[in-house]
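Everything on this sheet refers to the single structure shown next.
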Amino acid sequence: MTAGFMTSTTTSMSEVRRRHSNALLSGLLAGYVALLPFQFEAGNHLHFAPADCFLVLVLVFAPGQLIYRPLAWTFWHYAILMIFATGSLVAALRFGSIQRYEVLNKDAGLFLPFLSYVAVTSAITEWSALRRILRVFTMAVVVENTVTVAVFLAAYFFHFSNPFAVYGGLRLSGTMLDPNAYGGLLAAALVICEGASWGRNPLLSGWTLWFSRVTLALGLLFTFSRSAWLALLLGLTVLAVARTAVVMRFVTAALVGVPILFVLMGHRFIPIFEEMASRPKQVQGRFDLIGDGFQAFIHHPLLGGGIGSFRLAEGEVAHNSAMWFLADFGVAGLAVFVGFVGWFFVKGWLAYRFAPAREQPLAIGILAAHASMFGLAMGIEAFYQRHWWLLLGLIAASYSLARNRESQPPAGDGGF
């Protein structure tokens, strides 16, 4: 009897320690997610994201809580690593060395996205944990964006310098330095707010949902990022497949609100809108880059010109993730990129189909946000965007939760 009591006590203590460690990992992950909207210039084409400090803390204080969950991983994850290793080898053989920018930002830069992915899939073991992380993410973006939109409007009406805008203060960039990247963040958060806020247990409701919707939409508009607008459209399209009524609710609000906004902004806003939304020279420049990227692919079709080859040839990045993979890594790289992104579309849809009814809004909101980021990637190099990797981790976690709920694998799941 004494032995049984000691065994029970030992088991209870082990469970307490396990829960404490998991709480630590979850807390560090929440801190990471809360700081995702912030990024600062560190010089020499390097950016500093305070959120990354929490990933370092994960390695220091909770490395034992990082777990390999088979359902969250696939061949395509390893193929990404292999294609970067191959691209680095090709570049080294072709140029004799690899540029410092590629070593730090591209090769070594893969470590943090993958670490965040491991942290997300390790920490989220329940739907309630996934819901908490989504709420932290959306509220962090909403709070940060509310401040920057308020400053933008104040600068617009009272004519002072705006630290959160570029292009002479005309394009909102928030605390992420680039209006396109910032617009993608806002589009993802907005799609999550809309997609996850229905059913019996909505992520947001009432005035909180309306406040988030209005402020995020304003911020997205003021970025004047066509790539981010496309991202929003694609995300809403995916959401409409599952919940058309939710999308119609947002569209109706936009149709009513946009004319009112134009009236409140005054007569000088329309010329600004036309100029910022069109920017024909930039559009032509992007098409030229795509053409040059295709020409680079023609010269090195199988494995590409090597990592960094397109940037060295053009003097700038490709502004299109698919074209970047095609130019630097060839058709093999593009196939890996499409397979990697596509795997998450498949698993995200399966997570939505087989999730408990009360959790389905979360699953479809994350999937729609992933579609938004894929749309953004057609206008900028979005592969390293931290919030995209957060979404990838959340899709994998939701799929694992949905699969664990089923005694048998879902019908039609061939392990893509």
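No hydrogens, no waters, no symmetry mates; every other heavy atom, side chains included, goes into these values.
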Item to complete: Name all residues meeting the side chain to side chain contact (heavy atoms under 4.5 Å, CB included) criterion together with R131; count only those two or more places apart in sequence or in a different chain, and write none if there are none.
Response: R135, N201, L203, E359, L362
Item to complete: Establish, yes or no, whether a centroid distance under 6.0 Å links the rings of F262 and F269.
Response: yes
Worksheet item: Is the gap between the ring centers of F344 and Y399 under 6.0 Å?
Response: no
Worksheet item: Take atom NE2 in H267; do more than 12 heavy atoms of anything else shown fall under 6.0 Å from it?
Response: no
Discussion item. Using ring centroids (six-membered ring only for Trp), state whether F224 and Y167 fall under 6.0 Å.
Written reply: no
Fill in: Among T175, T148, T223, side chain to side chain donor-acceptor pair (under 3.5 Å) partner for Y182
T148
Fill in: Partner of W389 by ring-ring contact (aromatic ring centres under 6.0 Å, His included), out of F111, Y384, F340
F340
Discussion item. Could you tell me if H370 and W388 have a donor-acceptor pair between their side chains, going purely by distance under 3.5 Å?
Written reply: yes
Item to complete: Could you tell me which residues satisfy side chain to side chain contact (heavy atoms under 4.5 Å, CB included) with A253, sequence neighbours excluded, listed by chain and number?
Response: W210, R213
Worksheet entry | W324 ring center within less than 6.0 Å of H319 ring center | no
Worksheet item: Is the centre of the F325 ring less than 6.0 Å from the centre of the F337 ring?
Response: yes
Discussion item. Could you tell me if the side chain of L28 sits less than 4.5 Å from the side chain of L55, heavy atoms only?
Written reply: no
Discussion item. Please determine whether salt bridge (Lys or Arg N to Asp or Glu O under 4.0 Å) holds for the pair K106 and D328, giving the CA-CA distance in whole Å, both sets of side-chain angles, and the decisive distance to 0.1 Å.
Written reply: CA-CA 12 Å; K106 303 301 183 182; D328 278 14; over 6 Å; no
Item to complete: Hey, could you give me the CG/CG distance between L185 and D178, rounded to the nearest 0.5 Å?
Response: 11.5 Å
